[in-house]
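What you see below is based on every heavy atom in this structure, not just the backbone, and it leaves out hydrogens, waters and symmetry mates.
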2 protein chains.
Amino acid sequence: MKSTVKTVSNGRKKVIDACHEPCAIEKGMRLIGGKWTGSIIYHLKDEPVRFNDLCRMLGGASKKMIDQRLKELEAKGMVKRTVIAQRPVAVTYQLTPFGQTALGFLEDMRKWSEQHDL
Amino acid sequence: MKSTVKTVSNGRKKVIDACHEPCAIEKGMRLIGGKWTGSIIYHLKDEPVRFNDLCRMLGGASKKMIDQRLKELEAKGMVKRTVIAQRPVAVTYQLTPFGQTALGFLEDMRKWSEQHDL
DNA sequence: CGGTATCCTCTACGATACTG
DNA sequence: CAGTATCGTAGAGGATACCG
């Protein structure tokens with residue numbers, strides 16, 4: 001319910017975010033619908049994966065994006081980051097129990113997407 | 001497997017889209033993960049809805065966005081547009097049978113999103 | 001009513017190079 | 001190896017006005 005006011009180029013004010021709580025689907029999509037986010041979660045479904053391995057799995061995604069998405073997911077408690085002290089350092093990412101709760105509909109959606117060849 | 005080449009600011013060439021077919025989840029997300037897209041499909045789940053009614057249901061979304069999203073969904077065969085000749089004109093949108101196949105995981109995801117209060 | 005047209009802003013994303 | 005820093009661009013999305 002926050003509401004912010006901003007001045008735009010022509011000098012007038014405009015109101016941002018006035019009382020528009022988006023519906024639940026929209027909120028979910030904003031978390032999971034970012035570019036590569038769904039794929040990242042899906043590729044973590046079985047076991048912890050190291051950063052660069054994830055990069056390879058995702059082919060077209062830049063390190064920057066993957067890093068950014070992993071941080072979002074970590075902040076939301078869906079992914080856990082683990083540092084293994086060795087030389088050189090190893091870092092793995094894995095789904096938390098909460099993160100795993102998203103696998104159900106993600107898997108359904110993957111099947112759906114494959115079947116209908118979008 | 002298409003591959004395009006583009007000249008960027010510094011004068012060098014770069015290759016775009018070289019052999020990176022995104023995984024199925026990513027493709028699905030690109031279709032239903034757009035802003036408002038999921039919500040639109042969900043609000044059409046029960047019955048045909050008129051354009052302006054949809055706008056009201058979605059609160060914060062502009063006509064432009066809704067129009068754009070409906071066209072995407074129509075192009076993909078998920079939504080059917082029907083014009084009812086009367087004055088003033090009425091236009092309704094409804095899910096096609098194909099569109100309905102997406103309701104399963106969308107509903108799951110809505111529940112998930114609500115439960116965990118993202 | 002059901003859209004288009006226009007303009008503008010902002011941020012998401014990509015490429016690249018560098019670091020501890 | 002696992003990132004960060006920097007820079008650039010395209011296009012997504014919003015505000016507003018207008019139209020048949």
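- If you look at A:Trp112 and B:Phe98, their ring centroids are closer than 6.0 Å.
- In the set C:dC1, D:dG3, C:dG3, the nucleotide with an atom closest to the side chain of B:Pro88 is C:dC1.
- B:Ile32 approaches A:Met109 most closely through the heavy-atom pair CD1-SD, 3.8 Å.
- The distance between atom CD of B:Glu26 and atom C1' of C:dA12, rounded to the nearest whole Å, is 13 Å.
- With hydrogens and angles ignored, no donor-acceptor pair under 3.5 angstrom links the side chain of B:Lys35 to the base of D:dG13.
- In this model, the phosphate group of D:dA2 is not approached by any side-chain N or O of A:Arg56 to a distance below 4.0 Å at OP1 or OP2.
- Regarding B:Gln68, its CD atom lies at a distance of 11 Å from the C1' atom of D:dG14, rounded to whole Å.
- As a whole-Å value, the separation of B:Lys71 NZ from C:dG2 C1' is 10 Å.
- Residues that satisfy the salt bridge (charged side-chain N to carboxylate O under 4.0 Å, His left out) test with B:Arg56, not counting sequence neighbours, are B:Asp53.
- Axis angle, first five pairs versus last five pairs of the helix from C:dC1-D:dG20 to C:dG20-D:dC1: 50°, rounded to 10°.
- Taking atom NZ of B:Lys63 as the reference point, atom P of C:dT6 lies 17 Å away to the nearest angstrom.
- Here A:Arg30 lies out of heavy-atom contact (under 4.0 Å) with every strand.
- Between A:Tyr93 and D:dC1 there is no side-chain N or O to OP1 or OP2 distance below 4.0 Å.
- Remark: B:Arg50, B:Phe51, B:Asn52 in residues 42-54 of chain B come within less than 4.0 Å of DNA chain C through at least one heavy atom.
- Look at B:Arg87 and you won't find any side-chain N or O under 4.0 angstrom from OP1 or OP2 of D:dG20.
- At distances below 3.5 Å, at least one donor-acceptor pair connects side-chain atoms of A:Arg69 with backbone N or O atoms of A:Lys35.
- Taking B:Arg110 as the reference, B:Glu107, B:Glu114 meet the salt bridge (charged side-chain N to carboxylate O under 4.0 Å, His left out) condition, with sequence neighbours excluded.
- In the set C:dT4, D:dG14, C:dG14, C:dG14 carries the atom at the smallest distance from any side-chain atom of A:Ser62.
- Relative orientation of the A:Phe51 and A:Tyr93 rings is tilted, given thresholds of 30° and 60° on the angle between their planes.
- Using a 4.0 Å heavy-atom cutoff across all strands shown, A:Ala90 reaches sugar-phosphate atoms only and no base atom.
- Following rounding to the nearest Å, B:Met65 (CE) and C:dC8 (P) show an atom-to-atom distance of 20 Å.
- Nearest-nucleotide assignment on DNA chain C puts the 5′-proximal partner with B:Asp67, out of B:Asp67 and A:Lys64.
- As rounded to whole Å, 12 Å separates atom C1' of D:dG3 from atom CD1 of A:Ile66.
- Among residues two or more places apart in sequence or in another chain, the salt bridge (charged side-chain N to carboxylate O under 4.0 Å, His left out) test is passed with A:Lys71 by A:Asp67.
- Among the nucleotides D:dG13, C:dG2, C:dC13, the one closest to any side-chain atom of A:Arg69 is C:dC13.
- Between B:Leu70 and B:Arg81 there is no side-chain heavy-atom pair separated by less than 4.5 Å.
- Between the side chain of B:Thr96 and the backbone N or O of B:Gly77, at least one donor-acceptor pair lies under 3.5 Å.
- If you take CD of A:Glu74 and P of D:dA2, they are 14 Å apart, rounded to a whole angstrom.
- Annotation: salt bridge (charged side-chain N to carboxylate O under 4.0 Å, His left out) contacts of A:Arg30 (sequence neighbours excluded): A:Glu26.
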